[in-house]
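Only one structure is covered here, and it is reproduced in the block below.
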Amino acid sequence: MVILSNLPPPSVGIRLEQPSTRVIVDNREIGKGTLFIAESSLSWVNSETNTGFSLCYQNISLHAISRDLNARPYECLYVMVDTCLDEGQNGGNDNEDDDDEEEEKPEYTEMYFVPDDSSRLNDMFTAMNECQALNPDPEDSLSHEEDEDEEDEFEDADSEGEYTVCNDTGNSSVRTNGSRNIIEPMDIEEGQFEDADSSPEN
């Protein structure tokens, strides 16, 4: 579920502060408050209860502006979080049913930030871009390092040598010289390669 706490909003590194912003998690409205797009986190505080939540940028897998009124009856900043934050409001006591529902929970959460002033959506989106760029995902860095290691491995394999390529038109000798391959024709002596279908003479 979305856990609302009394933690204060960020006080430093705020790129954008947007009051009168409703928050909808999946299909459940949380309330109206102030959205803080800061360099360290994305935070929201309810105007009436002064409770709110913060999201790390590493857990935000997607954000975009949604203006399709056929899909949603409001324009908003759409945010997808890579974990399930909203468990819904289930009052069932059957443990078996709870286990089944838990298995069917999505592995992500869709959040909609709906400001009263929709003209601010572009500014909200830009601020999100800037702050996410300051908080890259460590897993992306590891993947980049792995790609570099693979490139180095192929570069090390670029040594000089010679091997034979067989094709329909004949045999060629490929001599590798650093990163360049030089294809040269091979001298084939007559009778060097016999037809496999030929039978020995009696």
(message) Starting from I14, can I reach F125 by hopping between I/L/V/M/F/W/Y residues whose side chains sit under 4.5 Å apart?
(response) no

(message) Applying the side chain to side chain contact (heavy atoms under 4.5 Å, CB included) criterion to V25, which one of V79, T109, V81 satisfies it?
(response) T109

(message) If we ignore hydrogens and angles and just use 3.5 Å, is the side chain of Q132 paired with the main-chain N or O of I60 as donor and acceptor?
(response) yes

(message) Has Y57 got a side-chain atom pairing as donor or acceptor with S41's backbone, closer than 3.5 angstrom?
(response) yes

(request) Kindly determine whether R120 and L16 satisfy side chain to side chain contact (heavy atoms under 4.5 Å, CB included), including the steps that lead there. (result) CA-CA 10 Å; R120 297 282 290 164; L16 184 142; 3.7 Å; yes

(request) Grab the two heavy atoms, one from T51 and one from T49, that are nearest each other, plus how far apart they are. (result) OG1-OG1, 2.7 Å

(message) Looking at every non-hydrogen atom in both residues, tell me the closest pair between P136 and A133 and how far apart they are.
(response) CD-O, 3.9 Å

Show every donor-acceptor pair shorter than 3.5 Å between a side-chain atom in residues 29-37 and any protein atom, with sequence neighbours excluded, or say none if there are none.
from	atom 1	to	atom 2	distance (Å)
E29	OE1	R22	NH1	3.3
K32	NZ	D116	OD1	3.3
K32	NZ	D116	OD2	3.1

4.5 Å side-chain heavy-atom contact, [X] and [Y]:
X   : Y    : result
L77 : Q18  : no
F53 : M111 : yes
Q58 : N135 : yes

(request) Give the ring-plane orientation class for Y78 versus Y112, where under 30° counts as parallel, over 60° as perpendicular and anything between as tilted. (result) tilted

[X] [atom1] to [Y] [atom2] distance, which is reported to the nearest 0.5 Å:
X    : Y    : atom1 : atom2 : value
M124 : T21  : CE    : OG1   : 5.0 Å
E110 : L62  : CD    : CG    : 9.0 Å
E107 : D82  : CD    : CG    : 10.0 Å
N59  : L42  : CG    : CG    : 11.5 Å
R67  : L121 : CZ    : CG    : 5.0 Å
R15  : M128 : CZ    : CE    : 12.5 Å

(message) Between D117 and S119, is there a side-chain donor-acceptor contact under 3.5 Å, judged purely by atom types and distance?
(response) yes

